[in-house]
*Asks:* 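Dumping the structure here so I can ask a few things about it.
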There are 2 protein chains.
Amino acid sequence: MAYRETEKMRLRKAAARQRIAECTYECVAEGGFRNARITRIAQLANVATGTIYRHFESKEDLFAEIFRQATQREIDKVTKALATPGSATERLEKALRQFAERALKGPVMAWSLIAEPVDPKVEEERLAYRKAYAGLFEQAIREGIEEGCIPDQNPRQSSTCLVGAIAESLVGPLSPTQIGQATEKETENNDQLVNTIICFCIQGLTGTRR
Amino acid sequence: MAYRETEKMRLRKAAARQRIAECTYECVAEGGFRNARITRIAQLANVATGTIYRHFESKEDLFAEIFRQATQREIDKVTKALATPGSATERLEKALRQFAERALKGPVMAWSLIAEPVDPKVEEERLAYRKAYAGLFEQAIREGIEEGCIPDQNPRQSSTCLVGAIAESLVGPLSPTQIGQATEKETENNDQLVNTIICFCIQGLTGTRR
DNA sequence: CCAAAGAATGAATCAATATTCACTAATAGC
DNA sequence: GCTATTAGTGAATATTGATTCATTCTTTGG
């Protein structure tokens, strides 16, 4: 009898796994899942391609995990924004802004999470992600209706519409040509864009121009 | 001296080309560009794979042409809707509804036109398509502001936001699971969805609940 | 019917990647 | 240092589709 997994080894393996995950994230942020090739990920992580398969069942599984981690981060941010004090409308505005600004800061990743075609397992994660968002906004709208700052409406449908509206308002400008990092001018334009989207969304929700 | 291209031949070739185009459209409508393989298209069109290359330079070129044809059809519909009599708001509503309903009737095609990742040549067509839409809506918004039925705002930015909002409100629900043909219940839901989107958009634009 | 020219064919080739696996290196406990 | 066991490697293989091209079929004008 000889080899038995020891703590040191467990840590080393965990570190390697983590490194692979991070490099995958980097690749995706750079050019989407489509662009994240196993060979490139392996290179970045300083491991052999085969090693990746000792840590993850398949590329699909690896991607699904990265997707889950990335969306969880986004959802946490929005959840936090919705948990601040203030009226439902104010909190919704904060959350939408959070969402939009993050997406514009990392447009490729946002696009990958929102709209890039992905394998079935990853698509499953996306479904959960969408549902989570819709649920968050739905709850806030419900509160707004109770508070009286949002007119009566179907919260589920409005929240779906809301998520859709922001998502695509962002996917549009970001998806095709603009992959470069934001210049000053662009940053300014982005601020403008975010304001317009938020304004549009809040109006769409409340019917109140401000 | 012997063979010279005759009218009959010209027609026959044109017919074959047309048939290939139609079958490509079918394939795309069924599963997006990603899913439209040359071999499958050839099968549907009853030609050999090689034949496709006698009619089109490459897959990319074929796709670009199909894209152009498909978007032209969509743009014509919206243009027509915007050309009816009525206030700018009414005409915009009609146009948005037209857009949304068509997209929901052919969700996969809509998704392909709006958001599916495509080759550079096709992406170029998409850019033109987006610009055309933005231009149409922008003009209508400008008219609305002049008429006084839409508050003052940046027409370019609002129209971009508008296009984005609808597009993604539709891409969201349609992209993942629902590929099946609409059942009665779904049709009803779709009507509801379209109403909500339109309502949301018009409010976002005018700040008026109705 | 014939010869020249073009059109159509589809099996073979090429290309791009994911995945495997026979082999080597490292580790653990003695 | 030795051996059992697991980790790591990366060249070879498998897969999926686009594209090519030598060959066959059609058409045309005489």
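The figures here come from the full heavy-atom set of this structure, side chains too, leaving out hydrogens, waters and symmetry mates. Below, read A as the first sequence line, B as the second, and so on, with proteins coming before strands; counting in each chain starts at 1.
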*Asks:* Reckon T6(A) touches a base, only the sugar-phosphate, or nothing at all at heavy-atom distances under 4.0 Å?
*Replies:* sugar-phosphate

*Asks:* Between K13(A) and dA7(D), does any side-chain N or O lie under 4.0 Å from OP1 or OP2?
*Replies:* yes

*Asks:* What integer distance in Å separates E7(B):CD from dG6(C):P?
*Replies:* 18 Å

*Asks:* Against E93(B), only a single residue in E90(B), R97(B), R91(B) fulfils side chain to side chain contact (heavy atoms under 4.5 Å, CB included); can you say which?
*Replies:* R97(B)

*Asks:* Has R12(A) got a side-chain N or O lying under 4.0 Å from the OP1 or OP2 atom of dT27(C)?
*Replies:* yes

*Asks:* Whole Å only: how far is the CE atom of M9(A) from the P atom of dT27(C)?
*Replies:* 5 Å

*Asks:* Check the distance between dA22(D)'s P and Y53(B)'s OH and give it to me in whole angstrom.
*Replies:* 18 Å

*Asks:* Between R54(A) (CZ) and dT5(D) (C1'), how many Å, whole number?
*Replies:* 11 Å

*Asks:* Below 4.0 angstrom from OP1 or OP2 of dT9(D), is there any side-chain N or O of T51(A)?
*Replies:* yes

*Asks:* If you pin E57(B) and G50(A) to their nearest nucleotides in DNA chain D, which one's is more 5'?
*Replies:* G50(A)

*Asks:* Check the distance between dA18(C)'s P and F33(A)'s CZ and give it to me in whole angstrom.
*Replies:* 13 Å

*Asks:* Is there a side-chain contact between E65(A) and D61(A) in this structure, where contact means two heavy atoms from C-beta onward sitting under 4.5 Å apart?
*Replies:* no

*Asks:* Starting at atom CG of N46(B), determine the distance to atom P of dG10(C), rounded to an integer number of angstrom.
*Replies:* 11 Å

*Asks:* Taking the six-membered ring for Trp, are the ring centroids of F67(A) and F63(A) within less than 6.0 Å of each other?
*Replies:* no

*Asks:* Using only side-chain N and O atoms of H55(A), determine if any of them is under 4.0 Å from OP1 or OP2 of dG8(D).
*Replies:* yes

*Asks:* Taking atom CD as the centre, does E57(B) end up with more than 12 heavy-atom neighbours from other residues, nucleotides or ligands that are less than 6.0 angstrom away?
*Replies:* no

*Asks:* Counting side-chain heavy atoms from CB outward, which of dT9(C), dA18(D), dT27(D) is closest to V47(B)?
*Replies:* dT9(C)

*Asks:* Among dT20(D), dA28(C), dA18(C), find the nucleotide with the atom closest to the side chain of K8(A).
*Replies:* dA28(C)

*Asks:* What is the nucleic acid contact for R37(B), judged by heavy atoms within less than 4.0 Å: base, sugar-phosphate only, or nothing?
*Replies:* sugar-phosphate

*Asks:* Nearest-Å distance, CD1 (I52(A)) to C1' (dG8(D))?
*Replies:* 12 Å

*Asks:* Are R126(A) and F33(A) in a cation-pi contact, defined as NZ or CZ under 6.0 Å from the six-membered ring centre and within 45° of the axis?
*Replies:* no

*Asks:* Looking only at side-chain atoms of I38(A), point me to the closest of dT28(D), dA18(C), dT19(D).
*Replies:* dA18(C)

*Asks:* Mind calculating the distance between CZ (R34(A)) and P (dA18(C)) to the nearest angstrom?
*Replies:* 10 Å

*Asks:* Of the listed nucleotides (dT9(C), dA28(C), dT19(D)), which one gets closest to any side-chain atom of A48(B)?
*Replies:* dT9(C)

